[in-house]
Amino acid sequence: MPIISTAGSRFADTVYADRLLRATAEAATRSIAALLVTPSADYEYLLGYRPPAMERLTCLVLPVDGVPALVVPRLEEPLARHAIGALADGIEIVPWEETDDPFQLVKGRLRGTLRVGLQDQMWSRFVLRLRALLDPAELVDASPAIGAVRRIKQPDEIDRLRAAASAADEAMLAITAERLSGRSEEEVSRRINELLLTAGHDTAQFAIVASGPNSASPHHSPGERVIQAGDAVVLDIGGTRDAYCSDTTRTAFVGEPPADFAAMYEVLRMAQAAACAAIAPGIPAREIDRAARQIIEEAGYGDAFMHRTGHGIGLETHEEPYIVESNDEPLVAGHAFSIEPGIYIADQWGARIEDIVVCTDAGGERLNTNSTELIVVE
Ligand code: ZN
Ligand code: ZN
Ligand code: ZN
C-alpha cells in the first residue's frame with residue numbers, strides 16, 4: 001500500500017511538536033482528557049506522515065496530561081520511527097504483535113479517562129470496539145479540537161498551497177490553449193491529469209470536464225460526450241503538491257458565446273469578485289457566501305446557485321472552514337478556502353469560477369491568479 005506523503009514533504013520536527021502541544025491545549029479547553037487519532041489528514045497534520053488506514057490499528061494517543069503514545073503494528077514500527085524522526089523523543093512508540101490486542105494497549109494509556117476525543121474519520125469497527133472497552137467513558141468528536149489548530153494555516157503551509165495553486169493555474173492555461181471540440185470529456189479529463197502532473201503536482205486528484213448541458217451539473221463525472229461548438233465547458237481541476245491540495249475552476253466556451261450566456265457569466269464573475277473582496281479578519285464566513293449570492297439573486301439566478309460558496313482547503317480538498325450561510329464563525333488570518341459560486345441552468349448550460357484565497361490581515365489574497373474572464377476555446 002502506498003504511503004500518501006513521503007519524508008521529503010515534511011516540515012521541521014519542531015512544527016509537529018508545536019501542533020501536538022496546541023491540539024492538546026485545544027482538547028483541554030473542551031474538557032477532553034485525550035485525543036485518539038487514527039491514520040487520516042489529522043494524523044498527517046500532527047505527525048507529518050500518513051500510513052495507510054487499515055484493519056491493523058495504528059493510533060496516536062494524545063493525553064492532555066502525560067506523554068503521547070503511538071500504538072503501531074510491529075511491522076510498521078520501523079516506518080513510524082523513520083517517518084517521525086526526532087519527534088520520537090517526545091512520543092512513546094508502543095508496537096503491538098500480531099497476537100496482541102492493540103485496543104487494550106490504547107486503554108492502558110488512558111488510565112481511567114472519562115472524556116475521549118476520537119478522530120472524526122475513525123473506522124466504525126474501531127469506534128465500536130473502543131466504546132465497548134472504554135465504557136463508561138464519553139466518546140466525543142476530536143475534530144473541533146484538532147480543527148481549531150489545523151484550520152489556521154501557517155506561512156509555510158500557505159506557501160505550499162500557493163505552489164499547488166500555481167501548478168493548477170498552469171495546467172488550466174495549458175488545457176484551455178488546446179482545441180477541445182471533437183474530443184470527449186473523458187479524453188480531456190485524462191489530458192488534464194497529465195497536465196496537472198507536468199505542472200508540478202505529485203498527484204492528480206480530479207478533473208471535472210462538464211460540457212454542453214452537462215455543465216449544469218456541478219459534480220458531473222466526465223463521460224463519452226464529445227465537446228462541440230456552442231458548448232459551455234466547466235473545468236474543475238486539482239491535485240496535491242507536497243501534500244497540500246489545489247482546486248480551481250474555469251469555464252470555457254467553444255466558439256463565440258451567445259449574448260445570454262455572456263451576460264450570465266458576467267453576473268457570476270461579479271459575484272465571485274465580490275466574495276473575494278469581502279474577505280477580512282472578523283467577517284463571519286456566511287457574509288462571504290452572502291456577498292456572492294446577493295449578486296446572483298439580484299440578477300434573477302438565485303435558484304440556479306444551489307451550493308455553498310466555498311470550502312476550506314489544506315491537506316484535504318474539503319475541510320474547515322466552510323463558506324456557507326450556516327457558518328457564522330469569524331474569519332481569521334490564515335484561513336484558506338475556495339470561492340466558487342456557480343450558475344446552473346438545467347438542460348442548457350452552467351458556469352463556475354473557483355479560486356483558492358487566504359484571509360490575511362490586509363484582506364483576501366487569491367492564490368490562483370489566472371484571469372476570471374470567460375475563456376473562448378476552439
Ligand atoms: Zn465541488
Ligand atoms: Zn473545484
Ligand atoms: Zn472546490
Side-chain angles (χ1 to χ4, degrees), residues 41 151 153 157-158 160-176 185 188-189 191-193 195-196 199 201 203-211 214-222 232-241 243-252 265 268-269 271-273 275-276 279 285 288-289 291-293 296 305-325 327 331 335-344 350-359 364-372 374-375:
R151 77 180 60 193
K153 271 65 183 182
E157 294 182 278
I158 293 166
R160 290 195 181 187
L161 284 168
R162 187 181 288 109
S166 62
D169 284 348
E170 195 180 319
M172 186 65 81
L173 288 177
I175 193 62
T176 52
E185 293 175 344
V188 174
S189 181
R191 175 68 179 142
I192 293 169
N193 284 323
L195 291 167
L196 286 167
H201 288 90
T203 69
Q205 301 273 80
F206 58 89
I208 295 176
V209 178
S211 68
N214 294 338
S215 60
S217 167
H219 276 178
H220 174 69
S221 171
V233 186
V234 172
L235 303 162
D236 185 350
I237 71 176
T240 63
R241 181 186 163 111
Y244 282 75
C245 296
S246 66
D247 184 7
T248 186
T249 306
R250 285 295 181 271
T251 300
Y265 187 84
L268 179 64
R269 205 171 154 230
Q272 204 259 357
C276 290
I279 296 164
I288 310 304
D289 182 83
R293 202 166 299 279
I296 292 172
F305 176 23
M306 78 289 261
H307 57 70
R308 65 189 176 209
T309 292
H311 53 81
I313 189 167
L315 292 172
E316 291 178 291
T317 312
H318 289 188
E319 57 180 58
E320 302 277 355
Y322 293 100
I323 309 302
V324 62
E325 178 64 30
N327 186 5
L331 296 178
H335 279 164
F337 49 86
S338 68
I339 296 291
E340 53 176 307
I343 301 178
Y344 311 95
R352 180 164 69 255
I353 303 169
E354 174 177 25
D355 290 319
I356 303 305
V357 294
V358 58
C359 179
E365 180 199 340
R366 283 174 60 204
L367 301 185
N368 294 101
T369 56
N370 284 354
S371 164
T372 60
L374 182 63
I375 304 166

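Both ligands and their constituent atoms are indexed starting at 1 by order of listing.
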Non-hydrogen side-chain atoms of L367 and D355 separated by less than 4.5 Å: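 No - every pair of side-chain heavy atoms lies 4.5 Å or more apart.
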Within-4.5 Å side-chain heavy-atom neighbours: H219 and H307: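 They are not in side-chain contact.
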side-chain contact (heavy atoms from CB on, under 4.5 Å) partner of T249, chosen from D236, I353, I208: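 Result: among D236, I353, I208, D236 is the only option passing the side-chain contact (heavy atoms from CB on, under 4.5 Å) with T249.
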Degrees at the Zn ion (ligand 2) between the OE1 atom of E354 and the OD1 atom of D236, nearest 10°: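 For OE1 of E354 and OD1 of D236, the angle centred on the Zn ion (ligand 2) reads 100°.
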Closest approach to the Zn ion (ligand 3) by E340, given as the N, O or S atom name: OE2
Atom name in D247, limited to N/O/S, at shortest distance from the Zn ion (ligand 3):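 Within D247, restricted to N, O or S, the Zn ion (ligand 3) is closest to atom OD2.
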Name of the residue among E340, E320, E319 meeting side chain to side chain donor-acceptor pair (under 3.5 Å) with H311: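 Among E340, E320, E319, the one that satisfies the side chain to side chain donor-acceptor pair (under 3.5 Å) with H311 is E340.
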N/O/S from H318 sitting under 2.8 Å away from the Zn ion (ligand 3):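 No - counting backbone and side chain alike, H318 has no N, O or S atom under 2.8 Å.
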